[in-house]
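These values consider heavy atoms only, across backbone and side chains, with no hydrogens, waters or symmetry-generated copies. Nothing fancy with the numbering, it's 1 onward along the sequence.
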Amino acid sequence: MTQKKQAGILGLGAYLPERILTNADLEKMVDTSDEWIRTRTGIRERRIAEKGTATSDLAVKASLEAIQNSGLKPSDLDLIILATVTPDMIFPSTACILQNKIGATCPAFDLSAACSGFTYGLALAEGLIRSETYKHILVVGAEVISGFINWKDRSTCVLFGDGAGAAVIGETHDGHGILATYMGSDGSQARLLQIPAGGSAIPPSISSIETGLHYVQMDGAEVFKSAVRTMGDAIQEITKRAHLTIQGIDCLIPHQANLRILNAVSDRTKIPIEKIFVNLDRYGNMSAASTIVALYEAVKEGKIKKGSTVVMVAFGSGLTWAACALRW
Ligand SMILES: CC(C)(COP(=O)(O)OP(=O)(O)OC[C@H]1O[C@@H](n2cnc3c(N)ncnc32)[C@H](O)[C@@H]1OP(=O)(O)O)[C@@H](O)C(=O)NCCC(=O)NCCS
């Protein structure tokens, strides 16, 4: 019997806008405090893209680094999957805009799974590599979410930030690469976290803008509970699918929404908090960019080494959740 190909990450890239918005800056914008934000979320600062910056602009920088680190050229790519909730425009896809900006010629499309988007993209890319449909797939998570935040709403504006990360997926050998993937959704909970207007349900109008329906709206307490439950369950499921044990996980790369969520996931799964990579203190929640930027930094900081067992886990609007186990 012929062994199926194994897929894995060939190169990583990330890009964070230079402008830093601190909790002290937010104190001047809304009725909040550094102490409240730090103790309730763990966030100290976030990056905000300059006015006029599109999601594809951040994606270009992360993608070119990932392509270079994989030893490839943009013309070697067979497919681009770009996960975002803040596309450059409704159509064409941001993936097509990125394709043109980096000088690639392959098919390209956007993937909408909110904060789980990058991990969904990894699952899709893995299947397409293993089935030998494509050889080199660029998976990107990129957001300029700052344009969709009501900067007068203290319950949401302190949480989010802009950024981008990218990975080139291709064939890997000797047991290194993606061990298993898992995706889940529950559309009955869609109302918990959404941007209600701007699509076909509520097309843009003066009234939709005046009532703030183009901004992120969230039931924070319910989202919190769902995040802990679904990420905890996804970790159990991916551990089973990859034939791992909880003790065998060297590094957990979770979606970076709230440090209290990560502490609760640690309690629920018994993964020690020291094994959970955290960078949300510096970037806040970057939606689809969060897990890939965290993976990039964990590798750079030496928290993930050759042979490490890594689990990525994400949760977001939809509701969606996803996990991926890798041997580095
Ligand atoms: C949003 C979140 C931080 C709120 O924390 P919390 O401890 O649940 O706080 P509550 O919502 O109970 O609010 C407590 C009080 O703080 C206030 N508050 C909310 N935001 C505030 C802020 N930035 N500064 C100061 N006070 C704030 C609320 O108005 C509320 O006041 P009240 O009791 O007078 O009504 C938390 O629910 C959360 O992180 N949820 C998940 C969000 C998330 O991860 N979203 C993305 C998922 S992909």
J.: Could you grab the distance from atom CD of Glu126 to atom CD1 of Ile178, nearest 0.5 Å is fine?
T.: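 Nearest 0.5 Å value for the CD-CD1 distance: 5.0 Å.
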J.: Please report the closest heavy-atom contact between Thr55 and Asp88, naming both atoms and the distance.
T.: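 Scanning both residues, the minimum pair turns out to be N-OD1, 3.2 Å.
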J.: Kindly indicate whether the side chain of Tyr182, heavy atoms from C-beta on, has any atom under 4.5 Å from the side chain of Val313.
T.: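 The answer is no; the side chains never approach within 4.5 Å.
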J.: Should we say atom CD of Gln236 is surrounded by more than 12 heavy atoms from elsewhere, each under 6.0 Å from it?
T.: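 It does: Gln236 CD has more than 12 such atoms within range.
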J.: Is Lys240 salt-bridged to Glu237, cutoff N-O under 4.0 Å?
T.: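 Yes, this pair counts.
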J.: Near Glu301 CD, under 6.0 Å, is it more than 12 heavy atoms from other residues, nucleotides or ligands?
T.: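 It does: Glu301 CD has more than 12 such atoms within range.
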J.: Glu222 and Lys225: salt bridge (charged side-chain N to carboxylate O under 4.0 Å, His left out), yes or no, with the steps?
T.: CA-CA 5 Å; Glu222 284 304 313; Lys225 281 187 262 172; 2.9 Å; yes
J.: Decide yes or no for Ile43 and Val158: does some side-chain heavy atom of the first lie under 4.5 Å from some side-chain heavy atom of the second?
T.: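 No, their side chains stay 4.5 Å or more apart.
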J.: For Asp219 and Arg191, what are the C-alpha separation, side-chain angles and deciding distance, and is it a side-chain contact (heavy atoms from CB on, under 4.5 Å)?
T.: CA-CA 8 Å; Asp219 179 338; Arg191 61 168 182 84; 4.3 Å; yes
J.: Is there a path of hydrophobic side-chain contacts, each under 4.5 Å between heavy atoms of I, L, V, M, F, W or Y residues, that connects Leu138 with Leu124?
T.: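 No, because Leu138 and Leu124 fall into different hydrophobic clusters, even though each may have its own neighbours under 4.5 Å.
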J.: May I have the step-by-step check of side-chain contact (heavy atoms from CB on, under 4.5 Å) for Arg40 and Asn258, ending in yes or no?
T.: CA-CA 8 Å; Arg40 302 296 176 110; Asn258 183 319; 5.6 Å; no
J.: Go through it in stages, so that I can follow the logic: the residues are Thr172 and Gln6, the test is side chain to side chain donor-acceptor pair (under 3.5 Å), and I'd like the CA-CA distance, side-chain angles, deciding distance and then a yes or no.
T.: CA-CA 6 Å; Thr172 48; Gln6 180 155 29; 4.7 Å; no
J.: How far apart are the closest heavy atoms of Asp110 and Ala95, and which atoms are they?
T.: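 Heavy atoms of Asp110 and Ala95 come nearest at OD1-N, 2.8 Å.
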J.: So how far is it from Glu297 CD to Arg282 CZ, rounded to the nearest 0.5 Å?
T.: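 Reported value, rounded in 0.5 Å steps: 4.5 Å.
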J.: Determine whether Phe118 and Val293 make a side-chain contact, defined as any pair of heavy atoms from C-beta on separated by less than 4.5 Å.
T.: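 Not touching, per the 4.5 Å side-chain cut-off.
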J.: Are Val216 and Asn150 close enough, and set up right, to give a side-chain contact (heavy atoms from CB on, under 4.5 Å), and what steps lead you there?
T.: CA-CA 7 Å; Val216 170; Asn150 180 353; over 6 Å; no
J.: Does Thr239 use its side chain to pair, donor to acceptor, with the backbone of Ile235 at less than 3.5 Å?
T.: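 Yes: the side chain of Thr239 pairs with the backbone of Ile235.
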J.: Please say which of Asn23, Leu159, Ile20 ends up in a side chain to side chain contact (heavy atoms under 4.5 Å, CB included) with Arg46.
T.: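 Among Asn23, Leu159, Ile20, the one that satisfies the side chain to side chain contact (heavy atoms under 4.5 Å, CB included) with Arg46 is Asn23.
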J.: Is Ile67 linked to Ile137 within one hydrophobic cluster, defined over Ile, Leu, Val, Met, Phe, Trp and Tyr using a side-chain heavy-atom separation of less than 4.5 Å?
T.: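 No, no single cluster joins them.
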J.: For Lys135, does the NZ atom sit with more than 12 other heavy atoms under 6.0 Å from it, leaving out its own atoms?
T.: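 No, NZ of Lys135 has 12 or fewer neighbouring heavy atoms, counting only those of other groups under 6.0 Å.
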J.: Just one of Thr291, Asn285, Thr119 clears the side-chain hydrogen bond (donor to acceptor under 3.5 Å, both in side chains) bar with His255, so which one?
T.: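 It is Asn285; the other options fail the test.
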J.: Do Tyr215 and Asp153 have side-chain heavy atoms sitting under 4.5 Å apart?
T.: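 They are not in side-chain contact.
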J.: Would a hydrophobic clustering, with Ile, Leu, Val, Met, Phe, Trp and Tyr connected at side-chain separations under 4.5 Å, put Ile9 with Ile304?
T.: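 Yes, same cluster.
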J.: For residues Ile80 and Ala104, report the shortest heavy-atom separation together with the two atoms involved.
T.: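 Closest approach of Ile80 to Ala104, heavy atoms only: CD1-CB, 4.2 Å.
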J.: Using only atom types and a distance under 3.5 Å, with no angle test, would you say the side chain of Glu171 pairs donor to acceptor with the backbone of Ile129?
T.: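 It does not hold such a pair.
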J.: Hey, is the main chain of Ala166 close enough, under 3.5 Å, to the side chain of Ser63 for a donor-acceptor pair?
T.: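 Side chain of Ser63 to backbone of Ala166, a donor-acceptor pair under 3.5 Å: no, none is there.
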J.: Short question: side chain of Ser266, backbone of Ile271 - any donor-acceptor pair under 3.5 Å?
T.: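 Looks like yes, one N/O pair under 3.5 Å.
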J.: For Ile102 and Leu77: C-alpha separation, side-chain torsions, deciding distance, then whether side-chain contact (heavy atoms from CB on, under 4.5 Å) applies.
T.: CA-CA 11 Å; Ile102 62 173; Leu77 296 175; 4.1 Å; yes
J.: Does a sphere of radius 6.0 Å around NZ in Lys61 hold more than 12 heavy atoms from other residues, nucleotides or ligands, not counting ones at 6.0 Å or beyond?
T.: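 No, NZ of Lys61 has 12 or fewer neighbouring heavy atoms, counting only those of other groups under 6.0 Å.
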J.: Taking side chain as C-beta onward, heavy atoms only, is Trp328 less than 4.5 Å from Asp250?
T.: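 No, side chains not in contact.
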J.: Check for a donor-acceptor pair, side chain of Asp162 on one end and backbone N or O of Ile48 on the other, with a separation under 3.5 Å.
T.: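 No, the answer is negative, given that no donor and acceptor are paired below the 3.5 Å cut-off.
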J.: Taking Phe315 as the starting point, is it possible to reach Val278 by hopping between hydrophobic residues whose side chains are less than 4.5 Å apart?
T.: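 Yes, Val278 connects to Phe315 through the hydrophobic network.
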J.: Does Asp78 use its side chain to pair, donor to acceptor, with the backbone of His136 at less than 3.5 Å?
T.: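 Yes; at least one donor-acceptor contact below 3.5 Å.
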J.: Taking Ser317 for its side chain and Leu193 for its backbone only, find out whether a donor-acceptor pair lies under 3.5 Å.
T.: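 It does hold such a pair.
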J.: Just by modelled atom types, is the Ser146 backbone N or O under 3.5 Å from a matching donor or acceptor in the Trp151 side chain?
T.: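 Yes, because the side chain of Trp151 sits within donor-acceptor range (under 3.5 Å) of the backbone of Ser146.
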J.: Determine whether Cys157 and Met29 make a side-chain contact, defined as any pair of heavy atoms from C-beta on separated by less than 4.5 Å.
T.: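 Answer no - side chains too far apart.
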J.: Which atom names give the shortest non-hydrogen contact between Ser70 and Val168, and what distance separates them?
T.: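 Reported closest heavy-atom pair: OG-CG2, 3.8 Å.
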J.: Answer yes if Trp321 and Ile261 sit in the same cluster of Ile, Leu, Val, Met, Phe, Trp and Tyr residues linked by side chain heavy atoms under 4.5 Å apart, and no otherwise.
T.: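 Yes; Ile261 is reachable from Trp321 via cluster members.
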J.: At what distance, to the nearest 0.5 angstrom, does CD1 of Ile169 lie from CG of Leu10?
T.: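 Those atoms lie 7.0 Å apart.
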J.: Tell me, do Ile209 and Pro204 make a side-chain contact under 4.5 Å, heavy atoms counted?
T.: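 Side-chain contact under 4.5 Å: no.
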J.: Given salt bridge (charged side-chain N to carboxylate O under 4.0 Å, His left out), test Arg38 with Asp281 step by step and report yes or no.
T.: CA-CA 8 Å; Arg38 268 189 300 103; Asp281 51 324; over 6 Å; no
J.: So Pro196 and Gln217, do their side chains get closer than 4.5 Å, heavy atoms only?
T.: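 Gln217 vs Pro196: side chains touch.
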J.: Taking all non-hydrogen atoms of both residues, which atom of Cys324 and which atom of Leu122 are closest, and how far apart?
T.: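 The pair with the smallest heavy-atom distance is SG-CD1, 3.9 Å.
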J.: Nearest 0.5 Å please: distance from the CG atom of Leu319 over to the CZ atom of Arg229.
T.: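 It is 7.5 Å, given to the nearest 0.5 Å.
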J.: Please find the pair of heavy atoms, one from Ser287 and one from Val85, that lie closest to each other, and give the distance.
T.: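 Result for this residue pair: OG-CG2, 3.6 Å.
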J.: For the atom pair CD1 (Ile249) and OG1 (Thr309), what is the distance rounded to the nearest 0.5 Å?
T.: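 The distance works out to 8.5 Å.
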J.: Taking atom CE of Met286 and atom CG of Asn279, what is their separation to the nearest 0.5 Å?
T.: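 One finds 6.0 Å between CE of Met286 and CG of Asn279.
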J.: Go through the side-chain N and O atoms of Thr22 and Asp25 and say whether any donor and acceptor fall under 3.5 Å apart.
T.: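 Indeed, the side chains of Thr22 and Asp25 share at least one donor-acceptor pair under 3.5 Å.
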J.: Counting only N and O atoms by type, is there a donor-acceptor contact under 3.5 Å from the side chain of Glu27 to the main-chain atoms of Asp34?
T.: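 Present.
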J.: Okay, side chain of Thr211, backbone of Ser207: is any donor-acceptor separation there less than 3.5 Å?
T.: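 Indeed, once roles are kept as given, a pair shorter than 3.5 Å links the two residues.
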J.: Decide whether Thr84 and Glu143 meet the rule of one side-chain donor and one side-chain acceptor closer than 3.5 Å.
T.: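 Their side chains do contain a donor-acceptor pair, which is all the 3.5 Å distance test asks for.
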J.: For Arg44, I'd like to know if atom CZ has over 12 heavy atoms of other residues, nucleotides or ligands within 6.0 Å.
T.: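 Atom CZ in Arg44 is not packed in, count stays at 12 or less.
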